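These notes concern the structure reproduced below.
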Amino acid sequence: MIDHLPCGKSASMDNLWASDGDWEEELAAAGVAPTLQKRSREMRDRLIGTSLEIARTIPFEQISVLDLCQATGCSTGAFYARFPDKNTLFRAVMLASAAQSRPLLERIIKETPFDKILPILIDSQVQRFRNQIDFFRAAFRVSLECSDAWSPFRRNSQRLANTYLTRLRAEEGIDQDAIDEGRVHFAFQIMYGVLNNTALNRPGPYNFESPEFPALLQDAMEMMIGCFEPRRAAKG
């Protein structure tokens with residue numbers, strides 16, 4: 001039994017889930033039992049939201065179904081009526097995490113002055129991975145057993161790259177002929193690949209705690225995108 005688990009679903013997630021038209025379909029695809037009544041949906045979402053908050057601070061394999069039920073205020077029968085097992089619940093938790101993070105990351109790209117987008121985005125991501133390292137490690141384990149469990153994060157990466165492409169194409173001073181869509185997407189693949197590998201393996205020589213880590217990751221992304229040299233030369 002684990003003491004002092006967070007309880008309840010964060011209020012901010014209500015609006016996010018309600019605004020996501022694919023939420024019910026994605027839960028069904030993850031193996032979550034369908035719910036017909038509002039009360040049943042509310043209990044299901046409370047289980048998901050509470051589990052997400054717990055998984056961000058405690059390794060999920062250390063948490064029992066009984067722990068989750070007690071933190072949520074439901075019976076184990078209510079749990080198993082909605083989720084066949086804890087891994088299915090965690091797939092729903094991964095969906096919820098992606099739904100929560102996507103608009104926050106897209107807002108950085110849409111609203112930040114262009115030359116500050118990558119440093120602010122990368123700093124945000126480094127902090128997120130460092131603070132939620134147990135969650136991402138659990139997500140990797142679940143995705144090894146079910147490859148499509150990683151799909152919500154994969155979609156986030158693609159949408160984030162497309163949002164950045166829109167800003168890039170609208171930015172004065174960028175050579176539009178130099179923009180390569182594939183290279184931009186690969187730059188975001190680099191970002192997530194480095195973040196994921198660092199969370200899982202800590203390969204070094206630089207890790208989340210290294211002060212050089214964000215700047216080096218920004219350099220790698222800018223070199224891959226490939227249309228910043230004139231801007232840098234002008235600054236020099």
Side-chain angles (χ1 to χ4, degrees), residues 10 12-30 32 45 48-49 52 55-56 90-132 135-136 138-140 142-143 146-171 174 176 178-200 214 217-218 220-228:
S10 60
S12 62
M13 299 202 75
D14 291 319
N15 293 333
L16 286 172
W17 293 353
S19 66
D20 193 337
D22 296 331
W23 175 242
E24 296 295 335
E25 291 82 358
E26 290 183 347
L27 286 177
V32 179
D45 289 351
I48 295 170
L52 174 57
R56 285 171 168 163
F90 196 80
R91 289 190 62 186
V93 165
M94 291 168 70
L95 283 167
S97 174
Q100 188 183 56
S101 64
R102 183 177 63 242
L104 302 177
L105 297 172
E106 288 180 347
R107 191 175 305 125
I108 291 174
I109 293 177
K110 291 176 179 178
E111 300 178 2
T112 302
F114 183 79
D115 62 343
K116 302 295 183 184
I117 290 174
L118 288 182
I120 291 176
L121 178 67
I122 291 168
D123 281 342
S124 173
Q125 291 282 54
V126 169
Q127 291 298 324
R128 177 169 166 253
F129 272 72
R130 181 169 63 183
N131 293 338
Q132 300 178 30
F135 167 77
F136 285 106
F140 299 144
V142 170
S143 66
C146 181
S147 59
D148 64 350
W150 201 257
S151 295
F153 298 129
R154 193 176 299 116
R155 287 195 300 270
N156 274 10
S157 174
Q158 293 166 353
R159 287 181 57 163
L160 205 60
N162 284 330
T163 302
Y164 186 80
L165 265 168
T166 299
R167 282 295 307 267
L168 193 62
R169 287 169 174 151
E171 181 65 16
I174 293 291
Q176 296 298 304
I179 297 174
D180 184 316
E181 181 175 336
R183 292 179 69 92
V184 172
H185 276 271
F186 194 70
F188 279 79
Q189 185 177 337
I190 288 171
M191 178 180 72
Y192 280 106
V194 170
L195 291 168
N196 292 337
N197 190 37
T198 302
L200 187 61
L217 188 49
Q218 180 182 345
M221 291 185 71
E222 288 186 351
M223 283 188 286
M224 176 51 58
I225 292 169
C227 55
F228 292 102

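Computed from a predicted model, the values in this text were never measured in an experiment.
At least one side-chain heavy atom of L168 sits under 4.5 Å from a side-chain heavy atom of V184. Put simply, the side chain of R56 does not reach to within 4.5 Å of the side chain of N131, judged on heavy atoms. By the 4.5 Å heavy-atom criterion applied to side chains, N156 and E106 are not counted as neighbours.
In this structure, the separation between CD1 on I225 and OH on Y164 is 4.0 Å, given to the nearest 0.5 Å. Put simply, CG on D45 and CG on L52 are 12.0 Å apart, with the number rounded to the nearest 0.5 Å. A distance of 13.5 Å separates CZ in F153 from CG in L160, rounded to the nearest 0.5 Å. The CD1 atom of I109 sits 12.0 Å away from atom CZ of R107, with the distance rounded to the nearest 0.5 Å. In this structure, the separation between OG on S157 and CG on N162 is 9.5 Å, given to the nearest 0.5 Å. Atom CG of L95 and atom CD of E26 lie 5.0 Å apart (nearest 0.5 Å).
Nearest heavy atoms, A161 versus H185: CB-ND1, 3.5 Å. The shortest non-hydrogen separation linking P113 to R167 is C-NH2, 4.1 Å. Across M94 and A139, no two heavy atoms sit closer than the pair CE-CB, 3.8 Å. Between P152 and D148, the closest heavy-atom pair is CD-O, 4.2 Å.
Under a 3.5 Å cut-off, the side chain of R91 and the backbone N or O of V142 do not form any donor-acceptor pair. Not one N or O on the side chain of R169 forms a donor-acceptor pair closer than 3.5 Å with the backbone of Q176.
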Quiz: residues 118-129 side-chain donor-acceptor pairs under 3.5 angstrom, not counting sequence neighbours:
{"unit_1": "Q125", "atom_1": "OE1", "unit_2": "R128", "atom_2": "NH1", "d": "3.0"}
{"unit_1": "Q125", "atom_1": "NE2", "unit_2": "Y192", "atom_2": "OH", "d": "2.8"}
{"unit_1": "Q127", "atom_1": "OE1", "unit_2": "R130", "atom_2": "NH2", "d": "2.9"}
{"unit_1": "R128", "atom_1": "NH2", "unit_2": "S101", "atom_2": "OG", "d": "3.4"}

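Ring pair F90/F135 is tilted by interplanar angle, where 30° to 60° counts as tilted.
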